[in-house]
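Reviewing the structure listed below.
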Amino acid sequence: MLRFAPSPTGDMHIGNLRVAIFNYIIAKQRNERYIVRIEDTDKERNIEGKDREILEILNLFGLEYDEVYYQSHNLTIHQHMAIKMLEERKAFACFCSAEELEAERETAKESKRAYRYSGKCELLSDEDVLTNEKPFTIRLKKPVSAIEFDDIIKGRLSFAPDDIDSFVIMRADKTPTYNFACAIDDMIHDISLVIRGEDHVSNTPKQIHIRKLLGYDKDIDYAHLPVILNEEGKKMSKRDSASSVRWLFEEGFIPEAIANYLILLGNKTPKEIFTLDEAIEWFRLENVSKAAAKFDLDKLRFINREHMKLMDSKDLSRAFGFADAAIGDLAKCFLEEGSTIKEIKPKIEAIFSAKSFDNEWGEQMKILQDAIKRAPGFDSFDEFKKYLTQQTGLKGKNFFKPLRLLLTGTDHGPELSHLYPYLKSYLLEIVK
RNA sequence: GACCCCUUCAUCUAGUGGCCAAGGAUGCCAUCUUUUCAAGGUGGACACAGAGGUUCAAAUCCUCUAGGGGUCGCCA
């Protein structure tokens, strides 16, 4: 079973989306189930409705999932597991206050040492614990030997006990921390492979440690995806608008192209332009680069254009408020001039909005307008052109410029002969 | 600072000891085409981070140096 485990604490960004896509692809390849687990253990940070938004985006990309779970629903299981750890002396109550801990972190930083938990509460006697009325957290004892695992992308990784540390598994409010909830849920959902971002590598040994202490001996495979960097070479954050899936939609990028780009980025693929279904045929996690990759908006634009060319014309026309393949084909003509829905939309709108005759070609436009209104329907642009030149006596630049202005609303653009087949049934509406 | 990871054109990459005077794609520049802007065709500039080894032979193997990234929460 594969899983996508987002937290409902912010907008979906491309890093998340990439994780969702890769998990989906592998689930399809292996014919395993794919679940979405909303990691909502931090009540303070949860944002109402974000879970729906995430699921909607998944749907938009065609990333079908078998089930949706909410991590908070497993609260009692997490609590029972914590008690079990306490009983088996694998975990201990920690009465250190947030302020104390913060102070310790400060001094460690000042003396340029890595901060590690002091371990003082681990030494508390049962009596000390029972008589202490202060709120407490539960910490798991750090492992006695290094924890190693094979990452499908990064290779073999090893972490010393001190780097894992005696970390908190239950907060003072008796809810589980991320690592504890995640480790347990991956176990009870029988996850076979976890694909997630590189920012989780240091969590992985902790989660393996948790499961080991819980007695779960089945191995879970891991693949940590390199982060996506912005133009400056820093990790993409909410500050980078291009990191937001919603922003990409607003900019007129289509899901097929975004998915294509996200799979292509930092990867070896047999081709550049492909669909999600095609990727399922050949995708291999082993081919994903170990190094972080920079996000390249120009490349995305190129891919977006290619996918718009490939799109069903009638479907494409809906983006412009039509349900007519001719309009979709018309939009494809304008792919010469733009790469996104957003860039092409004004060009389609200009065709159908009222034209201004207040320019140097105004007079000729009027003449052409009259002629077109009286003209019979012509199948080919050549016949149409021939008829108009005969009727108006205009030719050359004096003919093409005003005609273009009249038909498209601008003085430059794709060749009129290319546009005409898709325009011809709308001619009267266009010149009215 | 500690731990982990990475390093081929501006960007994403091909390349696993000879086929590489390093290939493709995007972007950029030029040119052709054209009533126009573009797209398209053609051509061009641009890279093995550096230094030492190993070897008949190194982008490919080893060492060091430099640079970059990630993580260090009772967040996920």
Side-chain angles (χ1 to χ4, degrees), chain A residues 5-10 16 38-42 44-46 71 94 96-98 101-102 105 108-116 135-139 151 153-155 157-160 162-165 167-182 196-205 224 226-227 229 231 233-235 261 264-269 271-273 287 289-303 305-306 309 332-339 395-405 408 410-416 418:
Chain A
S7 64
T9 55
N16 291 143
I38 306 290
E39 309 231 307
D40 58 347
T41 57
D42 187 349
E44 314 282 292
R45 291 192 178 215
N46 289 343
Q71 191 154 57
C94 175
C96 299
S97 69
L101 261 16
E102 190 47 44
R105 256 188 280 275
K109 196 172 180 181
E110 276 163 25
S111 55
K112 288 191 182 295
R113 274 188 356 258
Y115 167 75
R116 293 286 115 91
F136 63 93
T137 63
I138 299 174
R139 307 183 93 107
D151 185 283
I153 294 170
K154 295 189 170 288
L157 265 21
S158 173
F159 295 84
D162 265 354
D163 297 323
I164 292 162
D165 209 6
F167 59 96
V168 174
I169 57 171
M170 292 296 275
R171 305 183 184 106
D173 68 358
K174 308 298 171 265
T175 60
T177 60
Y178 164 72
N179 276 309
F180 197 57
C182 182
R196 62 195 347 180
E198 186 177 36
D199 44 345
H200 282 289
V201 282
S202 56
N203 289 327
T204 299
H224 291 95
V227 290
L229 272 21
E231 268 103 349
K234 297 283 177 194
K235 184 184 177 185
Y261 180 68
L264 184 72
L265 186 65
N267 196 4
K268 309 173 201 187
T269 58
K271 52 204 283 206
E272 275 205 298
I273 305 300
N287 287 148
S289 164
K290 291 183 187 187
K294 277 187 186 155
F295 187 85
D296 182 358
L297 199 61
D298 280 329
K299 188 87 173 202
L300 209 211
R301 291 171 56 77
F302 161 73
I303 290 172
R305 191 163 65 220
E306 296 305 312
K309 284 181 196 165
K332 288 179 185 181
C333 290
F334 282 96
L335 247 16
E336 300 179 356
E337 307 220 292
S339 306
K395 57 182 176 184
K397 211 169 186 173
N398 275 326
F399 172 75
F400 283 105
K401 274 284 177 188
L403 181 62
R404 172 180 295 286
L405 244 13
T408 70
T410 42
D411 61 354
H412 61 81
E415 278 192 52
L416 289 176
H418 292 165

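Keep in mind the model is a prediction, meaning the values are calculated, not measured. Just so it is clear: chains get the letters A, B, ... in the order the sequence lines come, proteins before strands, and each one is counted from 1.
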Practice item. Starting from P on B:rC9, measure out to NZ on A:K294 and report it in whole angstrom. Key: 10 Å

Point to revise | Check: A:D163 and A:R116 side chains under 4.5 Å, non-hydrogen atoms | key: yes

Revision key, fill the gap. When both distances are under 3.5 Å in a Watson-Crick or G-U wobble arrangement, the nucleotide paired with B:rA59 is none

**Study point:** Per A:R404 side chain, nearest of listed nucleotides B:rC74, B:rC5, B:rU36
**Key:** B:rU36

Exercise for review: Can you tell me the distance, in whole Å, between the OH atom of A:Y261 and the P atom of B:rA25?
Suggested key: 17 Å

Check your understanding: Separation of A:L101 atom CG from B:rG73 atom C1', in whole Å?
Key -> 9 Å

Practice item. Taking side chain to side chain donor-acceptor pair (under 3.5 Å) as the test, write out the residues that go with A:E198, two or more places apart. Key: A:K154

Review point. Donor-acceptor pair, A:K294 side chain versus A:L229 backbone, under 3.5 Å?
Key: no

Review point. For B:rG40, which nucleotide is its Watson-Crick or G-U wobble mate, given both distances must be under 3.5 Å?
Key: B:rC32

Practice item. Measure from CZ on A:F159 to P on B:rC72 and round the result to the nearest Å. Key: 12 Å

Practice item. Take atom CG of A:D151 and atom C1' of B:rC4, then tell me their distance rounded to the nearest Å. Key: 11 Å

Check your understanding: Where the side chain of A:E39 is concerned, which of B:rC74, B:rA76, B:rU13 is the nearest nucleotide?
Key -> B:rA76

Check your understanding: Just wondering, do A:I273 and A:F302 contact through their side chains at under 4.5 Å, heavy atoms?
Key -> yes

Exercise for review: Give none if B:rA25 has no partner; otherwise give the nucleotide forming a Watson-Crick or G-U wobble pair with it, both distances under 3.5 Å.
Suggested key: B:rU11

Exercise for review: Could you tell me which nucleotide pairs with B:rC64 by Watson-Crick or G-U wobble geometry, both distances under 3.5 Å, or answer none if nothing does?
Suggested key: B:rG50

Practice item. Taking only the side-chain nitrogens and oxygens of A:T177, find out if one of them lies under 4.0 Å from OP1 or OP2 of B:rG73. Key: no

Practice item. Provide, to the nearest angstrom, the distance between the CG atom belonging to A:D199 and the C1' atom belonging to B:rA76. Key: 9 Å

Practice item. Choose from B:rC3, B:rU71, B:rA76 the nucleotide whose nearest atom is closest to any side-chain atom of A:N203. Key: B:rA76

Check your understanding: What's the CG-P distance between A:L416 and B:rA39, to the nearest Å?
Key -> 18 Å

Review point. Distance check: side-chain N/O of A:K109 vs OP1/OP2 of B:rG1, anything under 4.0 Å?
Key: no

Check your understanding: Across all strands, who's sitting opposite B:rU71 as a Watson-Crick or G-U wobble pair, both distances under 3.5 Å?
Key -> B:rA2

Point to revise | Nucleotide of B:rA25, B:rG70, B:rC4 approaching A:E198 most closely (side-chain heavy atoms) | key: B:rG70

Point to revise | Nearest-neighbour nucleotide for the A:R305 side chain, B:rC74, B:rC3, B:rG27 considered | key: B:rG27

Check your understanding: So what's B:rA45 paired with, Watson-Crick or G-U wobble, going by both distances under 3.5 Å?
Key -> none

Exercise for review: Using Watson-Crick or G-U wobble geometry with both distances below 3.5 Å, tell me the partner of B:rC19, or none.
Suggested key: none

Check your understanding: With sugar-phosphate meaning primed atoms plus P, OP1 and OP2, does A:T175 contact a base, only sugar-phosphate, or nothing at under 4.0 Å between heavy atoms?
Key -> nothing

**Study point:** Value in whole Å for how far the P atom of B:rG70 lies from CZ of A:R196
**Key:** 18 Å

Review point. With respect to the side chain of A:S202, which nucleotide from B:rC5, B:rU11, B:rU71 is positioned closest?
Key: B:rU71

